[in-house]
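Step one of this worksheet: look at the structure below.
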Number of protein chains: 2
Amino acid sequence: MANMKEIAKMARVSLGTVSHVLNNSAVVREPVRLRVLEAVQAAGYQPSQLARGLRRDKTNMIGMIIPDITNPFFPAVVRGAEDVAFSNGYRLILCNTDNDHSKELVHLNELRTYLPAGLIVIPSNFSDLTTQAESYRRAGTGVVCIDRLPKNWSGDSVTADNEEGAYNATRCLLQFGHTKLATITGPLHLTNAKERLDGFKRAMREARLHLAPEYVQETTFDKQGGYSKTLILLRLIPRPTAIFAGNDMIALGALLAIREAGLRCPEDISLIGFDDLDLAETTNPSLSSVSQSGYQLGTTAARILLDRLEGDKGPAKHLVLETTLKIRHSVAAPPGAPRRNRASKGRRSTKPGLAEERA
Amino acid sequence: MANMKEIAKMARVSLGTVSHVLNNSAVVREPVRLRVLEAVQAAGYQPSQLARGLRRDKTNMIGMIIPDITNPFFPAVVRGAEDVAFSNGYRLILCNTDNDHSKELVHLNELRTYLPAGLIVIPSNFSDLTTQAESYRRAGTGVVCIDRLPKNWSGDSVTADNEEGAYNATRCLLQFGHTKLATITGPLHLTNAKERLDGFKRAMREARLHLAPEYVQETTFDKQGGYSKTLILLRLIPRPTAIFAGNDMIALGALLAIREAGLRCPEDISLIGFDDLDLAETTNPSLSSVSQSGYQLGTTAARILLDRLEGDKGPAKHLVLETTLKIRHSVAAPPGAPRRNRASKGRRSTKPGLAEERA
DNA sequence: GAGATATTTTGAAAGGTTTCAAACGAGTTC
DNA sequence: GAACTCGTTTGAAACCTTTCAAAATATCTC
């Protein structure tokens, strides 16, 4: 690969001048500028990002730390971030933590040695991101936290409006006439799981319905968890006629358990999930879900990061993205209820988009 | 961040010695070695990957270029590659091409400036990877191509046994008694789409069944393509009673079209896809599919790459991974046929794993 | 214990860029 | 025509490693 020295020689100028042309860091007379540009063109020269990063004390890489790219919700987030990053000249280094905070720590330490321009992080379970991010910020590296927040997070963040989404989903179930509701939540130390439970409870409270503790089951955000906790719920007396699942994977497990128990969804039990994964449309019955745009989560986070890199020194941003309720075939009136109010296929609720900003 | 100079001072040795301790590049007396290690520990020192890469002319980054992380097949591939890479001290830079070869080219050129240790590539449509890879190889950078191969590819590769998988799927349909088969292929300039069609044709030939050209529809590897091509197939006379889809997204679109046309799967039309995505299990009816392990594709590619980095100079490797046929509810005997031979739920065929190696 | 040899440590160069102070050249002013 | 400006260009240092030849030290042999 050609280097700057060769370009300098070709264009009969000094190293410094080449650099200035490439970075617009000083005015260079037009004829000289052109000569340099020509040489660059002719040699197919591209500056070494390593040397540049070393000298500038900052590269054009963005570290993206997520639990697991294999989890169907995350690819869209990554893609959103990559699109914005890429079109602004930044590249993504992808790291999976498997929700293991020690693996997260390894990544955080390791990434430092690349002098990344910034970090976009979906924190792991029991993440220690807050202290780590502090040291990054001291080094001038932006850190944006998305989807869920670690303990004491005070930096930039982008999340979905989990509380409101869950509230709307629950209200929908109530409007269908259900009174025996249950919920299967994700791990409640995760802020998103907690907020969804809060939304569920708010709707229940407003409807003046009592919520016995055994109707709230906590588990991991996966199919297996949804399956086993649903079996528990189905043994309760009275049996719940509607379940709000903390995410679609849990809902999927619930669907399995319901079917296996010889019950039908939605005739016997209605079900709403969260995330609106692609698979929600294709299950049997199709799964109702609180839709949040992972892609938008990613683009927004990257946008904030880039703004910071361009010098935005404002106070920490906490963006909250709106959700949309998608009612499909997994919701109906409870058994024995007068059957007005059939499930209307398709969207409802408000349009998606940037919502309120709590600063 | 502490640098090597500080460590050297703390341990009262020279820069070179610190480097030797860190890299085992020369024997260092035990007491000295310990002093250095202690200083490293105390300072929490981590060597700058940038400086190291610059000096060594090679970083520990692996460029991973894929069409689109949002496509449900690819995350597992990426994860497989990341796992192997990470546990060997390498990191992944993720690039999406959207199947656009000019975007691929941009990534290939850009990545060069990071001096990556290697590249793992799923080539885009009409990829020019072959010439690009040549120049990478000259620079000592390994390139492994996976899933499908660009024109004239002669380097290392890992692919699924597409031909055999498609052949097995088709034979299964034939055994169920179908004689009017159709297939919807992916873009036939992609080697994997082509090979799957070949397998389909081989089974048809062996069964001495004529295959009229209109029963072979080519489209893109997505739901939309599957949907529209299925509508065309359904208008043919005689109407096919079984469809082999080039991948699961196409199959999903086919399912939609079948349902919309007022037909039933599998009673009227049987359907088999390819890839065995997670969603195949949850569709209605559950989708039969040729299962290939994306994860294994990724790990194998990374493994080959690492072997190359450790000095393996052998001839180009062409690994071909076996597939497994998963028959679910989307397959049954054709309408009007004597109904022996009901679909047996669950796996069949051989175990997954590394298959033959064509060198 | 001197000389030779083997082992360990050092110092400086190199890798490709950015950046800053200094040098340069062309006008301008008196 | 000397002294000054102003706008351009240059050269060298710095960023943090690795590596290689050379220096320093330890070990061995007689």
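A quick note: this is a predicted structure, and the numbers were derived from the prediction, not measured.
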note = ring pair (Phe, Tyr, Trp, His ring centres under 6.0 Å) pairs touching residues 84-122 of chain B, sequence neighbours excluded, are A/F86-B/H107, A/H107-B/F86
note = Contacts satisfying salt bridge (charged side-chain N to carboxylate O under 4.0 Å, His left out) that involve residues 116-127 of chain A (not counting sequence neighbours) are none
note = B/N3 atom CG is separated from D/dT18 atom C1', nearest whole Å, by 15 Å
key: Residue pairs, two or more places apart or on separate chains, that pass ring pair (Phe, Tyr, Trp, His ring centres under 6.0 Å) and touch residues 121-159 of chain A   = A/F126-A/H189
message = Strictly by ring pair (Phe, Tyr, Trp, His ring centres under 6.0 Å), give each pair with a member in residues 14-35 of chain B just once, sequence neighbours left out.
response = none
query = Atom CD of A/Q49 to atom C1' of C/dG16: distance rounded to whole Å?
reply = 12 Å
request  = Would you please confirm or rule out a distance under 4.0 Å between OP1 or OP2 of C/dT17 and any side-chain N or O of A/Y45?
outcome  = yes
task = Measure the distance from CG on B/D57 to C1' on D/dT19 and round it to the nearest whole Å.
result = 13 Å
inquiry  = Test: side chain to side chain donor-acceptor pair (under 3.5 Å). Region: residues 140-151 of chain A. Which pairs qualify, not counting sequence neighbours?
reply    = A/N99-A/R148
request  = Write down the distance between CG (A/N24) and P (C/dT18), rounded to a whole number of angstrom.
outcome  = 12 Å
ask   = Which whole-number value in Å describes the distance from B/K58 NZ to D/dT17 C1'?
value = 17 Å
ask   = How many Å lie between CG on B/L50 and P on D/dT18, as a whole number?
value = 12 Å
N/O to N/O distances under 3.5 Å, protein versus nucleotides 8-14 of chain D:
residue: D/dT9; atom: OP1; partner: A/R29; partner atom: NE; Å: 3.1
residue: D/dT9; atom: OP1; partner: A/R29; partner atom: NH2; Å: 3.3
residue: D/dT9; atom: OP2; partner: A/R29; partner atom: N; Å: 2.8
residue: D/dT10; atom: OP2; partner: A/S14; partner atom: N; Å: 2.9
residue: D/dT10; atom: OP2; partner: A/S14; partner atom: OG; Å: 3.2
residue: D/dT10; atom: OP2; partner: A/T17; partner atom: OG1; Å: 2.6
residue: D/dA14; atom: N3; partner: A/R55; partner atom: NH1; Å: 2.8

key: Residues that A/R29 engages under side-chain contact (heavy atoms from CB on, under 4.5 Å), provided they are two or more places apart   = A/P31, A/V32
inquiry  = Using whole Å, what does the distance between atom P of nucleotide D/dT18 and atom CG of B/N60 come to?
reply    = 12 Å
request  = Ignoring hydrogens and angles, state whether a donor on the side chain of B/S19 or B/N23 is under 3.5 Å from an acceptor on the partner side chain.
outcome  = yes
request  = Answer with yes or no whether the side chains of B/E104 and B/S127 bring together a donor and an acceptor at under 3.5 Å.
outcome  = yes
note = In short, salt bridge (charged side-chain N to carboxylate O under 4.0 Å, His left out) pairs touching residues 126-136 of chain B with sequence neighbours left out are B/E134-B/R138
Helix axis bend for the helix from C/dG1-D/dC30 to C/dC30-D/dG1 - C1'-based end axes, five pairs, 10° rounding = 60°
query = Rounded to whole angstrom units, what separation is found between the CE atom of B/M4 and the P atom of D/dC15?
reply = 14 Å
request  = Ignoring backbone atoms, establish whether B/Y114 has a side-chain N or O less than 4.0 Å from OP1 or OP2 of C/dG16.
outcome  = no
note = With the side chain defined as heavy atoms from C-beta on, A/R56 is closest, among C/dT18, D/dT19, D/dT17, to C/dT18
